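Both ligands and their constituent atoms are indexed starting at 1 by order of listing. Since the model is a prediction, treat every value here as computed from it, not as a measurement.
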Amino acid sequence: MKDLKEYLAVPFVDLNTQYESVKDEMDAAIKSVFTEMTFIGGRFVQQFEQDFANAYGVKHVISCGNGTDSLYIILKMLGIGPGDEVMTASNSWISSSETITQTGARVVFVDVHPEYYSLDETQLKQKLTSRTKAVVAVHLQGQVCEMDSISSFCQSHSLHLIEDCAQSHFSEYKGTKAGLFGVASSFSFYPGKNLGAYGDAGCMITNDDALAVKLRMYARHGALKKHEHQIEGVNSRMDTLQAVVLSVKLRHIDKWTSQRIAHADLYNELLHEVSEIILPRVRPHTQHTYHLYVIRCKDRTRLAEYLRERGIETSVHYPTALPNLKAYQYLNHSPDDFPVATCLQDEILSLPMFPELTEEQIQYTACCIKRFYQKK
Ligand SMILES: *Cc1c(COP(=O)(O)O)cnc(C)c1O
């Protein structure tokens, strides 16, 4: 290995370098919004919906305020509510579960897969009851769940399959993109996501014409035309500024996804002989898009501190498995009910990952990790 610096700043995510790389395009797009002075709705939002529909190969894209709203609106418009149960993964961001509760339904947590860390398809059956109405499959970290099993499970029990794609833009399973397996799927465009806006934004996608109408109506106060409120809804809209930012970024997403994959490959190559850590495994026949590059490691707190002192920012997604959070105390679970998620919460560490990460930054990070374990 070549000579390594004593100190190199490696941010966890670097949005500025990406902005600099598309500055001219981005500044022009943002200026065009100011020229028109239309900040809510309008042709730019329609254009982004069209652009994303084309890129994704889906019939309907309904933009909304954020990824959390998109999940809630889908669940609500599928008629999920009090008396129903909805299953979701025990390791995710709380949006995946809190939106289930918001509809009045009960969230049923399912443990995660010991190798791939996303919803464990083999655990669905034992959680099924006569009240189960839907499964929210979360493609965590950019890794798609085992969709053959999950789809057929949902089909055979007449359950709605909803995909939380907040971390899996353009991930694939057997050649099909994440988000195209279920009845409808939700996306977040939070700035740090693989396709990120410059503020909050999200969308829903579906190939179901009737559902698409409902989703749009509910997100716009229950009205498809101004003042014609057919139902009560919510206010969840994508700002015009976010729409143009996303349309610009969408033109570059393939390159950025490839860069993430190349970075993961390099991390794997440099770290594979470190016996104290387990590298992320890719589910066969899938394309992992590495929203996060997550290792399992020994002595996580001290490793993270060691890296931080050397300029390397890491993070944990997530430090407490959902069922172990205070918010879910009322479900009376014990950590042993979710052995995999509970074990992961103390061992996982997300290393810096973003398209503009340099080879030098990856080498430096890997080298510091090796030094940490050699010292001990
Ligand atoms: C980011 C995220 C969300 C929520 O998205 P917001 O746009 O922040 O509301 C939902 N689910 C998962 C898995 C996420 O990572």
Side-chain angles (χ1 to χ4, degrees), residues 12-13 15 48 52 61-76 86-103 107 109-110 112-113 116-120 134-145 150 161-171 178-179 181-182 184-205 215 219 234-239 241-243 245-246 249 260 288-294 315-323 325 327-328 341 344-345 348 350 353-354:
F12 185 67
V13 174
L15 297 177
F48 172 69
F52 197 66
V61 172
I62 299 103
S63 57
C64 64
N66 56 67
T68 309
D69 282 359
S70 63
L71 268 177
Y72 171 70
I73 295 166
I74 291 169
L75 289 161
K76 190 83 183 162
V86 179
M87 297 197 245
T88 196
S90 51
N91 180 23
S92 185
W93 178 240
I94 195 168
S95 305
S96 309
S97 51
E98 71 183 349
T99 50
I100 294 169
T101 314
Q102 277 159 20
T103 66
V107 56
F109 288 113
V110 178
V112 290
H113 195 283
Y116 305 117
Y117 315 153
S118 54
L119 183 76
D120 186 349
V135 173
V136 175
V138 188
H139 307 307
L140 206 69
Q141 306 168 359
Q143 171 114 281
V144 189
C145 302
I150 297 174
L161 172 56
I162 299 149
E163 297 171 74
D164 180 344
C165 301
Q167 300 190 5
S168 60
H169 313 73
F170 299 95
S171 299
F181 294 89
S185 300
S186 79
F187 285 83
S188 167
F189 302 120
Y190 179 82
K193 299 287 160 85
N194 284 23
L195 181 62
Y198 287 164
D200 273 317
C203 83
M204 304 163 263
I205 68 170
L215 295 173
V234 293
N235 175 16
S236 187
R237 300 181 289 225
M238 182 186 284
D239 288 348
L241 275 169
Q242 306 311 338
V245 167
L246 290 167
K249 287 199 177 186
R260 286 175 184 272
H288 195 318
T289 54
Y290 296 99
H291 171 58
L292 299 169
Y293 182 88
V294 178
S315 189
V316 176
H317 301 87
Y318 296 94
T320 309
L322 292 173
L325 286 170
Y328 294 108
L344 286 177
Q345 72 183 14
I348 48 180
S350 307
M353 175 54 85
F354 53 92

> Side chain or backbone of V138 under 4.0 Å from ligand 1, or both, or neither, by non-hydrogen atoms?
Replying inline: side chain
> Of all the non-hydrogen atoms in the protein, which one sits nearest to atom 9 (O) of ligand 1, and at what distance?
Replying inline: T68 OG1, 2.5 Å
> Does an N or O anywhere in W93 fall below 3.5 Å from an N or O of ligand 1?
Replying inline: no
> Quick one: nearest non-hydrogen protein atom to atom 15 (O) of ligand 1, plus distance?
Replying inline: Q167 NE2, 2.8 Å
> So is there a nitrogen or oxygen of S188 less than 3.5 Å from a nitrogen or oxygen in ligand 1?
Replying inline: yes
>> Could you tell me, atom by atom, which parts of ligand 1 come under 4.0 Å of a heavy atom of G67?
In response: 5 (O), 6 (P), 7 (O), 9 (O)
>> Parallel, tilted or perpendicular, judged at 30° and 60°: which one describes the rings of F189 and F48?
In response: perpendicular
>> Looking only at distances, can you tell me whether any N or O atom of F189, backbone or side chain, sits closer than 3.5 Å to an N or O atom of ligand 1?
In response: no
>> Tell me whether K193 has any N or O atom under 3.5 angstrom from an N or O of ligand 1.
In response: yes
> Does some side-chain heavy atom of V294 sit less than 4.5 Å from a side-chain heavy atom of L344?
Replying inline: no
> Between F52 and F170, how do the two ring planes meet: parallel, tilted or perpendicular, split at 30° and 60°?
Replying inline: perpendicular
>> Starting from atom 12 (C) of ligand 1, what is the nearest protein heavy atom, named by residue and atom, and what distance separates them?
In response: A166 CB, 3.4 Å
> Do the side chains of I74 and L215 get nearer than 4.5 Å, heavy atoms only?
Replying inline: yes
> H288 and Q143: which non-hydrogen atoms are nearest, and at how many Å?
Replying inline: CD2-OE1, 3.4 Å
> So do Y328 and V107 actually touch side chain to side chain, heavy atoms under 4.5 Å?
Replying inline: yes
> Which residue, S70, S188, S185, S96, forms the side chain to side chain donor-acceptor pair (under 3.5 Å) with D164?
Replying inline: S96
>> With a 4.0 Å cut-off on heavy atoms, is S92 in contact with ligand 1?
In response: yes
>> Using a 4.0 Å cut-off to any heavy atom of N66, which atoms of ligand 1 qualify?
In response: 7 (O), 9 (O)
>> Distance alone, cut at 3.5 Å: any donor-acceptor contact between the side chains of H139 and E163?
In response: yes
>> Taking side chain to side chain donor-acceptor pair (under 3.5 Å) as the criterion, tell me which of D69, T68, D200 meets it with S236.
In response: D69
> Can an N or O of D164 be found at a distance shorter than 3.5 Å from an N or O of ligand 1?
Replying inline: yes
>> Quick test: of every protein heavy atom, which one is nearest to atom 4 (C) of ligand 1, and how far off is it to 0.1 Å?
In response: S95 OG, 3.4 Å
>> Would D200 count as a polar contact of ligand 1, with the cut-off being nitrogen or oxygen pairs under 3.5 Å?
In response: no
